[in-house]
Amino acid sequence: MGYSAEEAEGRPVIAILNSWSDLSQCHTHFPQRVQEVKRGVWQAGGFPIEIPVLAISEMFMKPTAMLYRNLLALETEEVLRSHPVDGCVLMGGCDKTVPGLLMGAISADLPAVFLPAGPMLAGRHRSERLGSGTDVWKYWAQRQAGCLDACVWRQLESGIARSAGTCMTMGTASTLAAVVETLGMMLPGAATIPAVHSAHARMAADCGRRIVGMVWEDLRPSRILTPAAFDNAIVADMALAGSTNAIIHLLALAGRAGVPLSLDRFDALSRTTPVLANLRPAGEFLMEDFHDAGGVPALLSRIPHLLDLNALTVTGRTLGANIAAAEVIDDRVILPLDAPLSRAGGTFVLRGNLAPNGCVIKPTAADPRLLKHTGRAIVFDSYPDMKARIDDPATGITADDVLVLRNAGPLGGPGMPEWGMLPIPKPLLEQGVRDMVRISDARMSGTSYGTCVLHVAPEAAIGGPLAAVQTGDRIALDVDARRLDLLIADEELSRRLAAWQAPSPRFARGYGRLYGEQATQADLGCDFRFLERGPPTPDPDIF
Ligand code: FES
C-alpha cells in the first residue's frame with residue numbers, strides 16, 4: 001500500500017466509512033471531507049483508511065431508500081468485523097445512511113463517532129427562502145391547482161437546492177442528525193453545521209482526532225447507548241417536532257443496542273416535551289438558522305429538566321458537561337419554554353381497532369380542525385391504484401372524506417415508501433382544499449406536512465385491519481384521545497379479516513426475498529430479525 005512500517009506501527013487503525021457515490025446527491029462534499037478526517041486521524045497518532053460503503057440516495061433509489069437501510073447496516077457491521085480496524089468514523093447524512101451506519105456500528109461495537117453531512121444552504125427564490133421538500137409540496141399543490149406556471153416552477157426548482165448537504169428543513173436527515181448528537185454519538189454541535197461551512201471541515205478533522213482518543217479509551221457504543229441516552233434522544237426528537245421516520249429508526253437502533261423501547265415510550269415523552277424548535281415543516285425557520293441560534297446544545301439547554309444529563313457521550317464527558325456552556329442566540333428559532341410552538345411533543349402514537357399495534361401522527365404539521373374528524377373512507381389498494389384514480393372526478397372524493405392507502409408498508413411497499421402524504425385530489429385543490437385526513441401503512445417524508453396518519457401496524461400486506469376497510473366505511477380519528485377506529489361492528493371486522501387472502505411473496509430471490517422474510521413491522525423498527533441484538537457474534541478470526 002506504500003506505507004513504511006514506521007508510519008503504521010503502533011497506531012490505531014481508523015476506518016472511515018464513506019457512504020458516497022456520484023448518485024448520493026447530499027454527499028457531494030464527502031471526497032473532500034475524507035481528507036479532513038484523515039488529517040485529524042494522522043494528527044492524533046492514528047492510521048486512517050477509507051472504506052466505501054453503500055451510498056443510499058434518497059432521491060434515486062427505487063422503490064424507496066428505506067428498503068436498503070438494513071443492507072447498509074449489514075454491510076457496515078461486516079466491514080467493521082472482518083477488517084483489521086480499531087475504531088471508525090461514520091460518514092453519512094442523507095436520511096437512511098444515518099441509521100444504517102449506526103445500526104451496523106452498534107452491532108460491531110467498535111469505538112465509533114458519527115460525522116454528519118450537514119444541511120445544505122437555505123434555498124432561495126427572489127426574496128423568499130425555500131425549504132427542502134416542504135416548499136416543494138406546497139408549490140406543487142399550487143402548480144396542480146393551476147396557480148403556478150412552468151417558468152416559475154423551474155425557477156423554484158433551481159433555487160431550492162443550492163449546495164452540497166442534506167435537506168435543510170427539519171426532515172428526516174436533520175432529525176436523525178440531531179437525535180444521534182443527543183444520543184451521544186456525535187461531537188457537540190456537529191448535527192447542524194451547514195455542509196459547506198468551513199466549520200464543517202474543521203469538525204471533520206475533529207472527528208478524526210477524537211476517534212483515536214476513543215480507541216485508547218475503549219469508548220464503545222455499548223457504553224454510550226443506554227436507556228437514558230434513548231430517552232434523551234426521544235425528548236430531543238419531540239422538542240424538534242422531528243420527522244415521524246425517526247421513530248422507526250430509533251426503535252431499530254434500540255433493538256441493536258439491546259435497549260427495550262416501544263411506541264408507548266415515544267407517546268409518554270411526547271406528552272411532557274414542548275416543541276421549541278421553530279423549524280419547517282412545523283414552524284418557520286431553516287437549519288442554517290437553527291445552527292446560528294446555537295443548534296442542538298442550545299435546544300437541549302432549554303430543557304435540562306427533561307434530560308438525563310449524566311449520559312456518556314463520544315467526548316468522554318456527559319451530555320450535561322457538553323451543553324453546560326450552550327446558550328440560545330435567537331429566541332425566534334429556539335423558542336422559550338413559556339412560548340413553545342406546541343405544549344406537547346411533535347409526534348403522537350394512536351391506537352384503535354384500525355391500528356392495534358399503533359400508528360403515528362405529527363399534529364404540529366396538521367390542520368388543527370382535522371385532528372378530531374369522522375369521515376367516509378375512500379380506499380386505494382395500492383400506490384398505482386391511488387395514482388390512477390385520485391384525480392379522477394368520477395371517484396367522487398369530498399374534502400370531508402378520509403383517504404386510505406394500503407399495501408404500502410414494510411412488506412407491502414416493499415420497504416415502506418414515503419407515500420403516506422397522499423396528494424390532495426386535483427378537483428379539491430382547485431377548490432382551495434389543502435389538507436385532508438389521510439391514513440396509510442406507509443411513511444411520509446419528514447419534510448412533508450398534513451393530517452397524515454402513518455405507520456399503521458400491523459400493515460395490510462400481512463392481514464392487518466387496514467386490509468378490511470371498504471370504501472364507504474366510516475373512520476374516526478381523535479388525536480387528543482390517541483384513537484383511530486373503523487366504525488364497524490367487531491364481528492364484521494373479524495368476518496372481513498377471515499376472508500382476507502395473503503398475497504404471494506413478491507420476490508423469489510435476492511435481497512427482496514431476504515427483506516420479505518426478515519423485516520419486522522413499523523412498530524418494531526423494520527430491522528431484520530436476525531440482526532437484532534442476540535448472543536455475541538464470534539470474531540471471524542476464531543475460525
Ligand atoms: Fe438527502 Fe433529503 S434527499 S437528506
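What you are looking at is a predicted structure, and each value in this text was computed from that prediction instead of being measured.
Scanning both residues, Asp385 and Val379, for their nearest heavy atoms gives OD2-O, 4.2 Å. What you find for Ala239 and Leu299 is that their closest heavy atoms are CB-CD2, 4.2 Å. Heavy atoms only, all atoms of each residue included: Leu524 and Glu532 are closest at O-OE2, 4.4 Å. Across every non-hydrogen atom of Gly420 and Leu454, the tightest pair is CA-CD2, 3.7 Å. In terms of heavy atoms, Ala246 sits closest to Asp237 at CB-OD2, 3.8 Å. Between Thr347 and Gly242, the shortest heavy-atom distance links the atoms OG1-O, 4.0 Å.
Gln521 places a side-chain N or O within donor-acceptor distance of the main-chain N or O of Glu459, the cut-off being under 3.5 Å. Under a 3.5 Å cut-off, the side chain of Thr64 and the backbone N or O of Met66 do form a donor-acceptor pair. Remark: the backbone N or O of Ala460 is paired with a side-chain donor or acceptor of Asp441 at under 3.5 angstrom. A distance-only check finds a donor-acceptor pair linking the side chain of Ser174 to the backbone of Thr169 [under 3.5 Å]. Checking side-chain atoms of Thr97 against main-chain N and O of Gly93 turns up a donor-acceptor pair under 3.5 Å. In this structure, the side chain of Arg143 engages the main chain of Leu148 through a donor-acceptor pair within 3.5 Å.
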Q | From CA spacing to verdict: side-chain contact (heavy atoms from CB on, under 4.5 Å), Ile234, Leu261 | A | CA-CA 11 Å; Ile234 296 169; Leu261 187 60; 3.7 Å; yes
Q: Check step by step if side chain to side chain donor-acceptor pair (under 3.5 Å) holds for Ser243 and Thr175.
A: CA-CA 6 Å; Ser243 163; Thr175 305; 4.9 Å; no
Q: Evaluate side-chain contact (heavy atoms from CB on, under 4.5 Å) for Ile424 paired with Arg438, printing each intermediate quantity in order.
A: CA-CA 9 Å; Ile424 304 296; Arg438 292 159 267 181; 3.8 Å; yes
Q: Take Arg154 and Glu157 through the test salt bridge (charged side-chain N to carboxylate O under 4.0 Å, His left out) and record every step on the way to the result.
A: CA-CA 5 Å; Arg154 277 197 297 275; Glu157 195 177 31; over 6 Å; no
(Q) salt bridge (charged side-chain N to carboxylate O under 4.0 Å, His left out), that's the test. Do Glu491 and Arg495 meet it? Break it down for me. (A) CA-CA 6 Å; Glu491 304 73 43; Arg495 188 190 64 73; over 6 Å; no
Q: Report the C-alpha distance between Ile106 and Leu225 in whole Å, list the side-chain angles of each, state the deciding distance to 0.1 Å, and finish with yes or no for side-chain contact (heavy atoms from CB on, under 4.5 Å).
A: CA-CA 9 Å; Ile106 292 170; Leu225 297 174; 3.5 Å; yes
(Q) Under the criterion side-chain contact (heavy atoms from CB on, under 4.5 Å), I'd like the reasoning laid out for Leu17 against Val79: C-alpha separation, chi angles, the key distance, then a yes or no. (A) CA-CA 9 Å; Leu17 268 52; Val79 155; 4.2 Å; yes
Q: Please lay out, stage by stage, how Asp473 and Arg496 fare under the test salt bridge (charged side-chain N to carboxylate O under 4.0 Å, His left out).
A: CA-CA 13 Å; Asp473 288 344; Arg496 290 185 194 178; 2.6 Å; yes
Q.
What verdict does the side chain to side chain donor-acceptor pair (under 3.5 Å) test give for Thr182 and Asn232, after you've listed the backbone C-alpha separation in whole Å, the side-chain angles of each residue and the deciding distance to 0.1 Å?
A. CA-CA 6 Å; Thr182 312; Asn232 287 342; over 6 Å; no
Q. For Arg256 and Ser107, what are the C-alpha separation, side-chain angles and deciding distance, and is it a side chain to side chain donor-acceptor pair (under 3.5 Å)?
A. CA-CA 6 Å; Arg256 293 298 183 108; Ser107 294; 2.9 Å; yes
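Of the inter-residue distances, the one linking Phe285 atom CZ with Arg129 atom CZ reads 8.0 Å to the nearest 0.5 angstrom. Rounded to the nearest 0.5 angstrom, Leu484 CG and Asn353 CG are separated by 8.0 Å. With rounding to the nearest 0.5 Å, the separation of CG in Leu354 from CD1 in Ile488 is 9.0 Å. Rounded to the nearest 0.5 angstrom, Ser19 OG and Leu54 CG are separated by 8.5 Å. Here the CD1 atom belonging to Ile439 is positioned 12.0 Å from the CD1 atom belonging to Ile378, to the nearest 0.5 angstrom. Interatomic distance, CG of Leu477 versus OG1 of Thr451, reported as 8.0 Å (0.5 Å rounding).
Less than 6.0 angstrom separates the ring centroid of Phe528 from the ring centroid of Tyr515.
Contact annotation: the side chain of Pro410 never approaches that of Ile462 to less than 4.5 Å [non-hydrogen atoms, C-beta and beyond]. Counting heavy atoms from C-beta outward, Ile475 and Asp485 have side chains that stay 4.5 Å or more apart. Contact check for Thr172 versus Glu58: no side-chain heavy atoms found under the 4.5 Å cut-off. At a threshold of 4.5 Å between non-hydrogen side-chain atoms, the residues Leu350 and Cys359 count as touching. In this structure, the side chains of Lys62 and Leu67 stay at 4.5 Å or more apart for every pair of heavy atoms. Taking 4.5 Å as the limit, some side-chain heavy atom of Pro458 sits within range of a side-chain heavy atom of Pro465. Residues Leu428 and Ile397 form a side-chain contact, since some pair of their non-hydrogen atoms from C-beta on lies under 4.5 Å apart. Residues Met120 and Ser163 form a side-chain contact, since some pair of their non-hydrogen atoms from C-beta on lies under 4.5 Å apart.
Between Lys96 and Glu418, at least one side-chain N (NZ, or NE/NH1/NH2) sits under 4.0 Å from a carboxylate O, which counts as a salt bridge. A salt bridge between Asp523 and Arg351 is absent, with no side-chain N of the basic residue lying under 4.0 Å from a carboxylate O of the acidic one. Under the 4.0 Å criterion applied to side-chain N and carboxylate O atoms, Lys372 and Asp480 are not assigned as salt-bridge partners. At a threshold of 4.0 Å, the pair Glu284-Arg280 does not count as salt-bridged, since none of the basic side-chain nitrogens sits closer than that to a carboxylate oxygen. Residues Asp135 and Lys138 are paired through a salt bridge, judged by an N-O separation under 4.0 Å between the basic side chain and the carboxylate.
Aromatic ring orientation, Trp419 versus Tyr383: parallel (interplanar angle below 30°, classes split at 30° and 60°). Note on ring orientation: taking the six-membered ring where Trp is involved, the planes of Tyr68 and Tyr511 are parallel (angle under 30°, cut-offs 30° and 60°).
Arg376 and Thr471 share no donor-acceptor pair across their side chains, judged by distance under 3.5 Å alone.
At least one cation-pi condition fails for Arg389 and Phe380: the charged atom is not both under 6.0 angstrom from the six-membered ring centre and inside a 45 degree cone around its axis.
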